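Residue numbers begin at 1 in each chain, while the letters A, B, ... track the order of the sequences. Just so it is clear, the values below take in all heavy atoms, side chains as well, and ignore hydrogens, waters and symmetry mates. In this text, all values refer to a predicted model and were calculated from it rather than measured experimentally.
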Amino acid sequence: MSRFLTPAKIGLLALIELYVEGAVPNEGIIPVINFLASNLTDCDLSPTAGNNFNPTTDRWKKAESAIRLVVSIKDFEALLSPLSAADKLPGRRLWDRFLEKLWGIDSLHGLHEFFAVMPGLLRKTREEMRRLGLDEEEEQGKGVRLGRNSPFGAFVRRAHVEFVRMKFEGVTELWKMFVRYRQPTAGYWTRRHPQYGGRLSFDAVLMEGEEEWGGRETDELAVMAYGRMLLPVVGGDRETLPVSTDDVEGLLEFQIEQIQKYGIRIPPQIRDRFKTFLKGSHVVPSLSHYLSFSDSWRSGDFPTSFDYLHRYFDYTMLNRDRLFYQYALMNLAIVQSDFGCHKEAVATMLEAVSTARENRDMTCLNFALNWFFHFGRAHPHLVRELENSSMLDNGKETLAFLRVKAKETGMWILWGSALLSEAKLGMANGESVSVAFEHMVRSSQLIVERNMKTMMGAQLSMNITMWDRLGLSPMSSMACQVFLSCHARSSVFDDELKITYRLAGLLAGKGKYEEAFSLLESLDSNSLRSAKPNQYWHLYRGLLKLRRDLHRNNLPAADTLLSQLLQTGPEDLDQDMVFIIDTLHIESLIRHKDFESAFTKVDSMITSLRENNRDIALRIRLLLAKAHLFDSINRPEKGFSIAMRAASMAWRALLIPLLWQAIGAVANILNSLSEFSAAAQLLLSILPRVLETDVLFTAGTLYNLLADARMGQAGQFFYMAGSESSTEQEKQRGRRKQRELAMRAHAALESAYKYFERVEDVEKQGEVLAKMATVMRVLGDEGVSEGYAARYLSLKRESERVNG
Amino acid sequence: MGLSAKDALQLRETLQIAVVKCSERCLYHAAKWAAELLDALPAPSAADLAATKGLPTTYIHPAFTPNHDPVEAALEAKELSRYLLAKSLFDCKEFDRCAAVFLPESSLGEMVGTKGDDNTTAEGRDKGKPSVVLPSERALPQISQKSLFLALYAKVISGEKRKEEDSEMILGPQDLGTITNKQLVLVSRFLTKWFDQRKSEGGDRAPSQGFLEYLYGMVLVKEKNDEAAMHYLIESVQLFPWNWGAWMEITNLITRLEQLNKVTPKLPQNIMSFIFHAHASINLYQQGGDTAASLNDLLAVFPTSSFLLTDKALLYYHSKDLIAAEQEFSQLLGLHPQRLDALDHYSNILYVLNLRPKLAFLAHLCSSIDKFRPESCVVIGNYYSLLSCHDKAVQYFRRALMLDRSCLSAWTLMGHEYVELKNTHAAIESYRRAVDVNRRDYRAWYGLGQTYEVLEMHAYALWYYKKAAGLRPWDGKMWQAVGSCLQKMGRDRDGIKALKRALLADSYYDSSASSFGSAGTIDRMTQMDPEVLLQIATMYDRLEEEEEAKAYMELCVAQEDGGVTNEQGPGQGDSIGIRGDSPGSDDGEGGGERATAAEGTGVTVATSKARMWLARYAMRGGDYETANRLATELCQDGVEVEEAKALIREARSRMEQTGMMES
């Protein structure tokens, strides 16, 4: 395998030569230059398909086309045959001119000559012109010449230098490969130019010599010189492809970049092609081990990925000394933590830090520190010892330090992520929202300034969280949409998956389960081949389903799902996910009326959270769950202090959706204490804001509570109406009031029913229907009441049928 | 020279036996050569077979032909198993172990005397012998000649291998060419003793098999004892003429034609000596009818022999018939596509003919067959040299030398490349090595001269040019070089002589009329090098023999005639572009001139100079008419126009003056 030159590169050179000669017609200039540019440099000038972006095909298009170009000449044909040549002769295509160039290289010597004239395409340097005694105008008059440092010029120069540096065997190898590469066009060429036809048209020396040597001898010579290439292929031993180390390395880098940037695996067909590439080479670049490592890492093949990582660093150790040892360790630590070996990961990372310190590698140290911070957030118990002994006892100070360091060393990504982390930390601690906003704005500015597209995912998911916490769900869903439609293609797939889930969660909150599911299903199947995203994808789907099943009161299905979800421990998932699963578990327990175990679970969770100093939102959520639990056992007043605490905490941290829930809990308690008008007042004041949050279940619950309060009020008037001491007028007023309040309760119940129906919560629907029937009976409208009762019964039957 | 059916059959049988014998003794190349020759014999036709029906029909494999010497046969039978072991070891390239099978290292030391008396002369050792311990009495072991040869030959080869391993990088600081084969002394002493013993035993013994003589000759050649070596080698070919190795050694020993003629009567009269004679003549750059005729005779016997065909091509090459040589080689290539031998010569021819695509193909072919053969490397080097990639060419020549230090053409060609790279010291050293390897290589001698001339050390250069001219007395270039060198040294008389000889030599090729000595032939010449003529003329001019000078100047101008002018680039003939004048490409120029000979040289720098001189001369002599005409011609040719115009003006004015005077 040659280092740089391949037949395809000769083709590109010939095309450049054609371009310089002015053979390319005006309408062909843009496609030709685009073709050359996309093959010489990374840029692709063709207008990308803006809206119908398909991640699988588009992302790997470059690799595809690179492989195709190397393997066959067809790409040139596809490009050039539609173009007519800027030529006197009519009917001649650019393809003909191109073939003329290629077939003009009619012998090994022709190849030497082809490369010998290459420097002539370049503009002469001042030095050369001085030596040749030319002046600039004279030089300029000679048509297009390539600048020495232009992409084309650089390519031509590089090709020339590489050719000169080649050993003779290398040149013959290149020549043979070139002959084979060109051979598919032989038929077309000889049809157009019969004078060059013949069996041995690929080598002029053989063709001329045939008369002298005679047919059989010439064949013998040809076989001697060209080897097995001319004979029919024996057995399944496929010939090696004409690739160069340069091509392979370019492809490798591209693939690794894709994997690292988007976190997706290589599509199988491209991987297979690439394998055939490597088959022919004696030297397997060590980078390919890294590729295998990344791939097996993504595929979740733990032993293989470790094996390849070690192999890669063993091979790179050869030429790069021990300079990269800390990076090896860092990689190892990341992989270990990814596979759930957190303790080993910590040890490895500590070693990486000490090595980096030895080598004074600030970049590595900063990365390690950043990693430790996030790791510490996720697994506080593992890093506690470390934190105790270090100066930076608080996460906040670590982050401030990181931020300053990153700014000093110009590591923009680290800087941005430190800012975001700071915002997140502030929010989790329930601190000022505006400070968090400030951090986010700063990081946003940084991202835009430095064009760090990959950071966009983190930035926007932070945004989404922020709007969520502030209860502005339209804003957060907008942020989701923005990310998915604008930034998804340039960021890691994990982000895309996460944000899609967020959006799906929002939709599910509105009761649009089908839409949510179809959103998750629409994700790119190739990206889902990676183990981690795949796992998360399944988890997300499971969670959505579980929520729906719980709402539908489909407990057996929910149990099955839960039993699966509970298997995934904290090693595999991040803590938030575990928390969500646990809360759903509690809810399921409540629905099973297993209050005992629900209570113990909530209690243990609260203590563990307090120990680990976790996100304030989670604590509020648990408090609410506990209050709800008390409510479920018909002792809501026991949860009074809890509800009040939750409400005040939520208020302080501006966690609006939770605040409304907490207030709902308070109102419930007020109801139970017969403080109906206070409860109604509270509820009436928050309900409009609740509707803003788009969490329909909460809205339904609150309406339900409102209806209770109204009924309670109505009941007070009932007493007034029914009591002996009151006057007729008062009775009248009482009855009227009672009727009015009952109507209001009915209206509230209807709203509650609407929302519960939307989220498909069968039990609540039933409860609301029962209440409505009662209200109607109170109002004396038996018929309507009967109707509600009938609906209630049919609902019951329906749900029983569904749940089997 | 056809052979009768019986003779042919006999020849076939003899060759078969020769192949077996040579390969029994691990003389691989000799065996290969004989086998190739055997293969070139046409298969006997049915009629021939029928004619020889009388011969015994039972077929015996040549390997089992009986040994006619009973003593040797008995010994061989006794040692068969040990011999087989030794042979296998040799084949596995374990030379020391092979030697030790028959001649253990310790006993060998005793047999030929210990290290202590290394410095004593042979007589001294003989005297000391009785006083030394007993074992030296029964010094020589009783083993068959075949085994003895194999053992000693293994010793020599192992010594060669050591030498190869010890030698430094090619042309490195330590590479002085002084490393010798340390086993040679041992083997040579052993063989001296063996032959002494044999002689003392008297003539009642059966004649030896001839191989030990060959080995001894070979060792003596390496010790530079040429006389004795020749003696033993001739003895060897007398005893066993089918060993081509021995013939090759003789060929290498002969450096002059006279020597060849002296040796010839001593040789046995058979087909081998016939082949040898032809081959040796070609190696001595002989040409002419008899060599060609004998080659053709041989080719009638062995019509497809690659060896003979190569020789034929080389014959053409040496007699400067490059086109024919190229054709011969090309056909040879078609016949034996896998054969790399002598392809380096072919590449030289292609180089000179400037057949770049073909040379590229040849290089490609060689490198696909075996890129680690010296020949392949030389071919590739030549190709790079043609592309003016001199550093790469040097690299490949070095590789060739790494593979085989005695690769003559690589040394010479590397010298040429170093000259191109302006590294004269390395060039001189390379040429020197070439000459050391083979003293008959005129190109290396010429190159040495050339390099010294560049360094302006003319006395040295002259010496080397003379050597080259001595090797190729009929090659005009050599004499021309000698002449110009003499001219630069101010020895005009000698220079003129040498240059005249150069003219003669050139004419010898063209007219095939070998009439040396008489100056009169010059006038009958169809074509002469104007350059040389100009040089002669200027020398005569310097000697103030104006008449002679004028004659030569006129002759020089006369070379232009002949119809179509073939413009030679200015400066080409004049410059001392090294490669241009070096042997390889002056053959090229020779070829080029041959091609254009019929049309005359056209206007060249030399002829213009001559014309200018003539115009001036005419001016001096008052022949204004002629001066005017010549100057006008000069103007037409566009050479030195200004000066010519001045001459015209002056001539016109003089003419007018004289015209006025007359009128």
Side-chain angles (χ1 to χ4, degrees), chain A residues 103-119 160-180 200-231, chain B residues 304 306 323-324 326-340 343 346-347 350-351 353-373 376-400:
Chain A
W103 285 91
I105 305 172
D106 61 353
S107 63
L108 182 59
H109 180 68
L111 192 65
H112 277 98
E113 274 180 344
F114 178 77
F115 277 98
V117 298
M118 271 300 133
H160 183 246
V161 166
E162 292 281 350
F163 186 78
V164 168
R165 277 175 47 181
M166 249 185 190
K167 286 214 169 67
F168 188 79
E169 295 85 47
V171 177
T172 55
E173 213 43 51
L174 177 65
W175 165 239
K176 282 196 271 193
M177 288 199 295
F178 175 69
V179 166
R180 204 168 62 206
L200 297 164
S201 57
F202 58 87
D203 191 332
V205 176
L206 283 175
M207 215 154 66
E208 280 166 22
E210 198 172 2
E211 300 160 18
E212 197 177 330
W213 292 319
R216 210 179 53 77
E217 280 83 0
T218 316
D219 284 358
E220 191 74 21
L221 274 176
V223 171
M224 274 320 296
Y226 288 91
R228 299 240 321 272
M229 189 180 116
L230 298 176
L231 301 174
Chain B
T304 56
S306 51
I323 309 284
E326 198 275 331
Q327 269 167 2
E328 283 295 328
F329 265 121
S330 184
Q331 265 161 22
L332 190 63
L333 194 66
L335 281 174
H336 304 274
Q338 276 106 329
R339 188 173 182 269
L340 288 177
L343 285 188
Y346 186 29
S347 75
L350 291 176
Y351 181 103
L353 289 177
N354 204 9
L355 292 173
R356 289 167 186 236
K358 205 152 185 183
L359 184 51
F361 177 75
L362 187 70
H364 178 187
L365 186 71
C366 288
S367 116
S368 356
I369 292 170
D370 186 354
K371 56 186 170 187
F372 294 114
R373 272 277 291 266
S376 315
C377 297
V378 169
V379 173
I380 296 169
N382 258 335
Y383 179 58
Y384 276 126
S385 172
L386 196 60
L387 290 178
S388 303
C389 301
H390 298 298
D391 43 348
K392 271 185 168 178
V394 166
Q395 205 181 325
Y396 275 94
F397 291 137
R398 285 180 91 100
R399 191 193 268 189

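Salt bridge B:Arg339/A:Glu220: absent, no basic N to carboxylate O contact under 4.0 Å.
Ranking B:Pro337, B:Ala363, B:Ser330, B:Cys389 against chain A, the residue ahead of the rest is B:Ser330, based on heavy-atom pairs under 4.5 Å. Taking chain A as the reference chain and counting heavy-atom pairs below 4.5 Å, the highest number among B:Lys358, B:Arg356, B:Gln338 is found for B:Arg356. The choice from A:Lys167, A:Glu208, A:Glu113 that makes the most heavy-atom pairs within less than 4.5 Å of chain B is A:Lys167. The greatest number of non-hydrogen atom pairs below 4.5 Å with chain A, out of B:Pro357, B:Ser368, B:Cys366, is found for B:Pro357.
The aromatic ring centres of B:His364 and A:Phe168 sit 6.0 Å or more apart.
Atom CG of B:Leu365 and atom CG of A:Leu221 lie 6.0 Å apart (nearest 0.5 Å).
Residue A:Asp106: no heavy atom, backbone or side chain, is found under 4.5 Å from chain B. Both the backbone and the side chain of B:Leu333 come within contact range of chain A, judged by heavy atoms closer than 4.5 Å.
Counting only distance, with no hydrogens or angles, the side chain of B:Lys392 and the backbone of A:Arg165 share no donor-acceptor pair below 3.5 Å.
Under the 4.5 Å side-chain criterion, counting only non-hydrogen atoms from C-beta, B:Phe361 is not in contact with A:His109.
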